[in-house]
Amino acid sequence: MLNIVKKSPYETSSLSSCLKYIKKGDVILFTEDGIYAVKKGGMFEKHVSDASQTCSIYYLSPDTEARGIKSDEIISLAKPVDYQGFVDLAIDSPKSITW
Amino acid sequence: MVDQESKAKIMFLCKTAPYGTIYEQEAIEAMIMFSAYEQDISVAFIGDGVLSLKKGQNPSLINIKNFTQTYLVIVDDFEVSHLYVEKESLEERGMKEEDLLTEVEVLKRADLISRIDEMKVILPF
């Protein structure tokens, strides 16, 4: 399952809902305002790092760069993808949920 | 010329992140409009609003104009008298005052609440 989180975790329950429904082997992709969840030093670092024990974590790099977040400001267990990478993740997963 | 006493104290309360919604962009347009009326304007960034002031943004990557650059000139050119940023909101997001693209007044939540209380009008975005 590909889980796409695209709303700010500080303003919505998008991330917390996602984390309740993930299972082993799932992929979580952070896009749009969802990318604030993978910023180092933020309130959600621990949540994402816990999820990475069972899931792979990606973020859409044009969305982080647009918002002034450099790659060294992002938690290291999250891997960057570009738009092509986003498409590849969608192809690799039979289903997806956008939270 | 409007004299100091008769100016209305107006505060823009910016609560949303810059590109996921259109709120911040609308807030800036409204600030520019209001500046024409020579009122006493403050802008306060709380919650995800503080993310609008992050240095190094490049929204051309997602085909959006970098309207947050307007904050660099808003105090001088549009007669905004105060830019406030809430300390707690910065800290929750792993940010420091040095991460911001312009000079601001960083206030604790309790102090910001008393500034808000002094306003005649509050415009939330």
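Since we're looking at a predicted model, the values are computed, not measured. In the text below, chain A, chain B and the rest are named by the order of the sequence lines, each starting its count at 1.
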Next on the checklist: Per the side-chain hydrogen bond (donor to acceptor under 3.5 Å, both in side chains) rule, what does the pair list look like for residues 76-93 of chain A, sequence neighbours excluded?
Outcome noted: Q84(A)-D88(A)

Checklist entry - Pick from M43(A), K7(A), K70(A): which one has the most heavy-atom pairs with chain B under 4.5 Å? => result M43(A)

Next on the checklist: I'd like to know which of E32(A), E73(A), E65(A) tops the heavy-atom pair count under 4.5 Å against chain B.
Outcome noted: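 Top count of heavy-atom pairs under 4.5 Å with chain B: E65(A).
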
[X] versus chain B, the contacting section by heavy-atom distance below 4.5 Å:
X: I69(A); value: both
X: K40(A); value: backbone
X: E45(A); value: neither

Checklist entry - With ring centroids as reference points, do F12(B) and F34(B) lie under 6.0 angstrom apart? => result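 Yes, the ring centres sit under 6.0 Å apart.
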
Next on the checklist: Before we go on, tell me: are the rings of F44(A) and F30(A) under 6.0 Å apart, centre to centre?
Outcome noted: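 Here the rings of F30(A) and F44(A) have centres that are no less than 6.0 Å from each other.
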
Checklist entry - Going only through I, L, V, M, F, W and Y residues with side-chain contacts under 4.5 Å, is there a path from I22(A) to Y59(A)? => result yes

Item to check | Single-linkage hydrophobic cluster L13(B)~V50(B), side-chain heavy atoms < 4.5 angstrom | outcome: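 L13(B) and V50(B): separate clusters.
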
Identify whether the distance between the nearest side-chain nitrogen and carboxylate oxygen of [X] and [Y] falls below 4.0 Å.
X: D26(A); Y: K23(A); answer: yes
X: R109(B); Y: E92(B); answer: yes
X: D33(A); Y: R67(A); answer: yes

Checklist entry - What part of K54(B) is in contact with chain A, defined as an atom under 4.5 angstrom from a non-hydrogen atom: side chain, backbone, both or neither? => result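 K54(B) touches chain A through side-chain heavy atoms alone.
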
Checklist entry - Under the 3.5 angstrom rule, does the side chain of D99(B) hit a backbone N or O of K96(B) as a donor-acceptor pair? => result yes

Item to check | Contacts with chain A made by residues 40-48 of chain B (heavy-atom distance under 4.5 Å), listed by residue number | outcome: G47(B), D48(B)

